[in-house]
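Accompanying notes for the structure given below.
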Amino acid sequence: MPRFSKSVRVPYSKLQAFNLVSDIASYPDFIKWITAMRVSEVRTDEAGIRHSRGDAVVGFKGFVERFATSVVADPLAGTVVASLIKGPFRRLHAQWSIIPLERGGTDIALEIDYEFRNVLIAMLAAANHDIAVDRIMSAFLVEAQNRYGQAPIASAPE
């Protein structure tokens, strides 16, 4: 039952990092194996938390899969959580946490807990999940640089 996490420190504000991570409609633009994403059922509740459904098409090493997630983006908490609605998984829960740093910049953490139904796909994913996580984080870093530039981390006043 694969579960993994990864964290990176970036020179961007909490809002910039949150806006990037919560912009699921743009994922196919910078994550190469997400070939399509449809976002629907978008609503913002009274607390400012955005709820949506993301229907994704993912292609990797000759496999194409479709899945749907419920996505909850909470700008105050700095979290984006995706939970399985349907797809090739028995279980899928992914959480991004955006943590502003006292001296400027932000830590972005990704935790994913998943299990595929198909044994072959599960074996392929298990053999490649470290590479996949590194590529996901790298794709987000490149996209952040494209959107926001090479912003230096500002120092907090002493």
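Small disclaimer: the values here were computed from a predicted structure and weren't measured.
The two residues Ser5 and Glu111 have their closest heavy-atom pair at CB-CG, 3.6 Å.
In this structure, Phe30 and Leu20 have side chains that are in contact, with non-hydrogen atoms separated by less than 4.5 Å.
Scored by the salt bridge (Lys or Arg N to Asp or Glu O under 4.0 Å) test, Asp23 finds Arg147 as partners (sequence neighbours excluded). The ring-ring contact (aromatic ring centres under 6.0 Å, His included) test applied to Trp96 returns Phe140, not counting sequence neighbours. With sequence neighbours excluded, the residues that form a side-chain contact (heavy atoms from CB on, under 4.5 Å) with Ile49 are Asp45, Ala47, His51, Val72, Asp74. For Arg50, the side chain to side chain donor-acceptor pair (under 3.5 Å) partners are Ser22, not counting sequence neighbours.
Side chain of Thr106 to backbone of Tyr12: a donor-acceptor contact under 3.5 angstrom is found. With hydrogens and angles disregarded, a donor-acceptor distance shorter than 3.5 Å links the side chain of Tyr27 to the backbone of Val21. Of the possible donor and acceptor atoms, one in the side chain of Lys14 sits under 3.5 Å from a partner among the backbone N and O of Leu76. A donor-acceptor pair is defined here as one N or O able to donate and one able to accept, closer than 3.5 Å; such a pair exists between the side chain of Ser13 and the backbone of Gln16.
Rounding to the nearest 0.5 angstrom, the gap separating the CD atom in Glu143 from the CG atom in Asp29 is 7.0 Å. Summarising the geometry, atom NE2 belonging to His93 is positioned 15.0 Å from atom OH belonging to Tyr114; distances are rounded to the nearest 0.5 Å. For the atom pair CG (Asp107) and CG (Leu101), the distance works out to 4.5 Å, reported to the nearest 0.5 Å. Taken from CD1 in Ile98 to CG in Leu110, the straight-line distance is 10.0 Å, to the nearest 0.5 Å.
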Extract all donor-acceptor atom pairs below 3.5 Å that involve side chains of residues 79-89 and protein atoms in other chains or at least two apart in sequence.
none

Acceptor/donor pairs from residues 32-40 side chains to any protein atom, 3.5 angstrom cut, sequence neighbours excluded:
{"unit_1": "Thr35", "atom_1": "OG1", "unit_2": "Val57", "atom_2": "O", "d": "3.2"}
{"unit_1": "Arg38", "atom_1": "NH2", "unit_2": "Asp55", "atom_2": "OD2", "d": "3.3"}

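Cluster membership for Phe18 and Val42, using ILVMFWY side-chain heavy atoms within less than 4.5 angstrom, is shared. No chain of hydrophobic side-chain contacts below 4.5 Å, direct or via other Ile, Leu, Val, Met, Phe, Trp or Tyr residues, connects Val8 to Ile99.
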